[in-house]
Peer 1: 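I'd like to ask you about the structure that follows.
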Amino acid sequence: MLDIQQLRNTLPEVAKRLATRGYALDVSGFELLDATRRRIQMHTEELQSKRNSLARQIGQMKAKGEDVTELMKEVGGLRFKLDTLESELKEIQEQIQAFMLSVPNLPHETVPVGATEVDNVELRKVGDPKVFGFPVQDHVSLGEGLSQLDFAVAAKLSGSRFVVLRGAIAKLHRALAQFMLDVHTTEHGYTEVYVPYLVNSASMQGTGQLPKFAEDLFHVAEDDLYLIPTAEVPVTNLMRDEIVPQDCLPLKFVAHTPCFRREAGAAGRDTRGMIRQHQFDKVELVQFAHPDRSYEALDELLSHAEAILRKLDLPYRVIALCTGDMGFSAAKTYDIEVWLPAQSTYREISSCSNFESFQSRRMQARMRNSRGKPELLHTLNGSALAVGRTLVALLENFQNEDGSISIPGALRPYMGGLEKIAPTSN
RNA sequence: GGAGAGGUGCCGGAGUGGUCGAACGGGCUUGACUCGAAAUCAAGUGUACGGUUAUCUGUACCGUGGGUUCGAAUCCCACCCUCUCCGCCA
């Protein structure tokens, strides 16, 4: 949520910046709404003030045993008018709140301006795509060839966009998550947290999934709880309605969780394989930063995600998303894309964003600043990494001609020393 | 799931219809004392939204949402959460 003061005071500039991400701010609609609100609010508060002072007088006079029928009559006359005004005020404030919740974040000034992903800017490529001396297979045929990746049985259990892993590949999947958690906690200074996978609507609103993106979420109607689409939701909401001392910043958390997404708008996209599933695991980094230092924190967080790919010897590139391609809540986003040889392309494996105060304003996540006043802090997060897609990348990049998979050195300690996954591996 | 207790400011904790935005204590800030610190003393210290603007001022907020009343932290209703006991249970 944007700062409503900023909207009032610099409406044309805000509209212009939002236009760069393809969002048409309803300027006149907002102006009308806000002007109406102001008029009703002033009128309401004036009458409330009058009522309060009369009520106070009645109390004082009654205490002295004086007659109050005149005053009672006067205050009674206010009542109907006040009831009407108060409900009008409430309604318009709800409208303004709904409006504010629907406006996306302002792009940071360093974000490249553009309409779609073709305008994204590649910042760097790291590692060279390996040249294979044989026809490469994709992860589906590799995994099914090893009888360790099973989409058919998953469809029987749950439908499309699910997978069952078996044997060494299931273990490799687990190893990846353990490895990532260990690197972030021991080398990058993150505190590991274990969090609920079901959250309430206030949490979803805090990070921006609600109210606009309900169709992307799995909702348990009976309990009005949502399955988390990313650990960002529960971990960021740890600080909802909290005020922390500024010297404890930055707060850095890492969590490994499953993520659940309905993929409602993705019909027909990435239907083959593990790229786009209803359920996948992710190791997520979340930082709460001082507002003056959140962009340093973003660079740092990005480097933490990259570190995993470097340690795994996976070729990747880093992309700065353009204004039109960024998510609703982000002020600036870097994507990391990993090389997938079977598709001869880079595919997203991480997304690292600074949300500035967009989420913290919704959540009222604050710090006490040097003047002793509460001030919104900045929130950041990034995948480090999406476990399922990392598994895909490993299978494809470390495949051998015989269909076996070599295991990168960094993961062998987590695989009981196993160097290669062959059809018989468990 | 059943029974009981409770949810108040940064924290602890008073407050059962009227000047309560809220006693008291702690914390924090500033000042005094001190070479400095501690201790002590004094003063200050909620959030949000308006109006006016270096000031001052109005309104709202005591788990959430309704209701009663001239007036609600205080009374009524519903819901949420926490704790204790019982039941159940990975």
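Note that the coordinates shown come from a computational prediction; the quantities given were computed from them, not determined experimentally. Naming: A, B, ... by sequence-line order, numbering from 1 per chain.
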Peer 1: Under a plain distance cut-off of 3.5 Å, with no hydrogens placed, do A:Ser102 and A:Lys212 share a side-chain donor-acceptor pair?
Peer 2: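 Side-chain D/A pair, A:Lys212 to A:Ser102: absent.
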Peer 1: In whole Å, measure the gap between the P atoms of B:U53 and B:A48 for me.
Peer 2: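 One P to the other, the span is 22 Å.
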Peer 1: Tell me the interatomic distance from A:Arg362, atom CZ, to B:A48, atom P, rounded to whole angstroms.
Peer 2: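 After rounding, the reported distance stands at 19 Å.
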Peer 1: Is any side-chain N of the basic residue among A:Asp138 and A:Arg272 closer than 4.0 Å to the acidic one's carboxylate O?
Peer 2: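 Yes, A:Asp138 and A:Arg272 are salt-bridged.
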Peer 1: Mind checking A:Gln5 for me? I need base, sugar-phosphate or nothing, with any heavy atom below 4.0 Å counting as a touch.
Peer 2: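 It contacts sugar-phosphate atoms only.
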Peer 1: Indicate whether any N or O donor in one side chain lies under 3.5 Å from an N or O acceptor in the other, for A:Gln364 and A:Glu242.
Peer 2: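 No, no side-chain donor-acceptor contact under 3.5 Å.
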Peer 1: For A:Glu337, is there an ion pair with A:Arg389 - N to carboxylate O distance below 4.0 angstrom?
Peer 2: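 Answer for the salt bridge query: no.
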Peer 1: For A:Ile243 and B:G46, give me the distance from atom CD1 to atom P, rounded to whole Å.
Peer 2: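 The answer, rounded to whole Å, is 12 Å.
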Peer 1: Provide the distance between the two P atoms, one in B:A22 and one in B:G44, to the nearest whole Å.
Peer 2: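 To the nearest whole Å, 13 Å.
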Peer 1: Hey, can you pull the residues of residues 67-83 of chain A with a non-hydrogen atom under 4.0 angstrom from RNA chain B?
Peer 2: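 Under 4.0 Å from RNA chain B: A:Met72, A:Val75, A:Arg79.
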Peer 1: Nearest-nucleotide wise, let me know which of A:Arg38 and A:Thr44 is further upstream toward the 5' end of RNA chain B.
Peer 2: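 It is A:Arg38 whose nearest nucleotide is closer to the 5' end.
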Peer 1: When you measure from the side chain of A:Lys62, which nucleotide among B:C49, B:G18, B:G65 comes out closest?
Peer 2: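 Within the option list, the nearest is B:G18.
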Peer 1: In whole Å, I'd like the distance from the CZ atom of A:Arg240 to the C1' atom of B:C81.
Peer 2: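 My rounded result for the distance is 13 Å.
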Peer 1: Please report, rounded to the nearest Å, how far the C1' atom of B:A60 is from the CG atom of A:Leu85.
Peer 2: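 These atoms are roughly 15 Å apart.
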Peer 1: Which value, in whole Å, describes the distance between the P atoms of nucleotides B:A72 and B:G18?
Peer 2: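 11 Å, rounded to whole Å.
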Peer 1: Counting only Watson-Crick pairs (N1-N3 plus N6-O4 or O6-N4) and G-U wobbles (N1-O2, O6-N3), all under 3.5 Å, who is the partner of B:G27?
Peer 2: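 Base-paired to B:U45.
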Peer 1: Considering every strand shown, what is the Watson-Crick or G-U wobble mate of B:G6 when both distances are under 3.5 Å?
Peer 2: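 Matched B:G6 with B:C81 under the 3.5 Å cut-off.
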Peer 1: Atom CG of A:Asn200 and atom C1' of B:G63: how far apart are they, to the nearest Å?
Peer 2: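 Checked: the CG to C1' distance equals 14 Å.
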Peer 1: State the pairing partner of B:A32; accept Watson-Crick or G-U wobble contacts with both distances under 3.5 Å, and report none otherwise.
Peer 2: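 B:A32 is paired, partner B:U40.
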Peer 1: Hey, does A:Arg366 reach any base, or is it just sugar-phosphate, or nothing, if we go heavy atoms under 4.0 Å?
Peer 2: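 Sugar-phosphate: the residue A:Arg366, judged by heavy atoms under 4.0 Å, touches backbone atoms but no base.
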Peer 1: For nucleotides B:A14 and B:C70, find the distance between their C1' atoms and express it as a whole number of Å.
Peer 2: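 Looking at atom C1' only, B:A14 and B:C70 are 28 Å apart.
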Peer 1: Give a yes or no on whether a salt bridge exists between A:Asp216 and A:Arg261, defined as a side-chain N under 4.0 angstrom from a carboxylate O.
Peer 2: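 Answer for the salt bridge query: no.
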Peer 1: With distance as the sole test, does A:Glu144 use its side chain to make a donor-acceptor pair with the main-chain N or O of A:Ser141 at under 3.5 Å?
Peer 2: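 No; judged by distance alone, with no hydrogens or angles, the pair does not exist.
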Peer 1: Within residues 45-57 of chain A, find the residues that approach RNA chain B with a heavy atom at under 4.0 Å, and present them sorted by residue number.
Peer 2: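 Contacting residues: A:Glu45, A:Gln48, A:Ser49, A:Arg51, A:Asn52, A:Ala55.
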Peer 1: Determine the Euclidean distance between corresponding P atoms of B:G58 and B:C20; express it in Å to zero decimal places.
Peer 2: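 After rounding to an integer number of Å, I get 15 Å for this pair.
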Peer 1: Please evaluate the base of B:U19 for a donor-acceptor partner in the side chain of A:Gln60 within a cut-off of under 3.5 Å?
Peer 2: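 When only heavy-atom distances are counted, A:Gln60 does reach the base of B:U19 through a donor-acceptor pair under 3.5 Å.
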Peer 1: What's the gap between B:G4 and B:A90 when it is taken at their P atoms, as a whole Å value?
Peer 2: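 Here B:G4 and B:A90 have their P atoms 28 Å from each other.
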Peer 1: Measuring only the C1' atom in each nucleotide, how far is B:G17 from B:G27? A whole number of Å is fine.
Peer 2: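 Per the computed distance, 33 Å lies between those C1' atoms.
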Peer 1: NA contact type, A:Pro374, heavy-atom cut-off 4.0 Å: base, sugar-phosphate, or nothing?
Peer 2: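 Contact class for A:Pro374: sugar-phosphate only.
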Peer 1: Under 4.0 Å between a Lys/Arg side-chain N and an Asp/Glu carboxylate O for A:Glu348 and A:Arg276?
Peer 2: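 No, A:Glu348 and A:Arg276 are not salt-bridged.
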Peer 1: Which class fits the ring pair A:His188 and A:His304: parallel under 30°, tilted 30 to 60°, perpendicular over 60°?
Peer 2: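 Taking A:His304 first and then A:His188, their aromatic rings lie parallel (interplane angle under 30°).
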Peer 1: If you measure from the C1' atom in B:C88 to the same atom in B:A3, how many Å do you get, rounded?
Peer 2: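 My reading of the C1' atoms in B:C88 and B:A3 gives 16 Å.
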Peer 1: Kindly indicate, with the supporting measurements, whether the criterion side chain to side chain contact (heavy atoms under 4.5 Å, CB included) is fulfilled by A:Leu377 and A:His290.
Peer 2: CA-CA 6 Å; A:Leu377 34 78; A:His290 190 288; over 6 Å; no
Peer 1: Less than 4.0 Å between a side-chain N and a carboxylate O, is that true for A:Arg347 and A:Asp270?
Peer 2: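 Answer for the salt bridge query: yes.
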Peer 1: Figure out the CG/P separation between A:Leu89 and B:G51, and round it to whole Å.
Peer 2: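 About 13 Å, once rounded to whole Å.
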Peer 1: Take the protein atom NZ of A:Lys373 and the nucleotide atom C1' of B:G9, then report the distance between them rounded to whole Å.
Peer 2: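 Taking atom C1' of B:G9 as the reference, NZ of A:Lys373 is at 13 Å.
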Peer 1: Roughly how many Å is it from CZ in A:Arg39 to C1' in B:G51, rounded to a whole number?
Peer 2: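 For the pair A:Arg39 CZ and B:G51 C1', the rounded distance is 16 Å.
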Peer 1: Ion pair present between A:Arg310 and A:Glu306, side-chain N to carboxylate O less than 4.0 angstrom?
Peer 2: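 Salt bridge between A:Arg310 and A:Glu306, a charged N being under 4.0 Å from a carboxylate O: yes.
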Peer 1: By nearest nucleotide on RNA chain B, pick out whichever of A:Asp3 and A:Ile58 is the more 5' one.
Peer 2: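 The answer here is A:Asp3.
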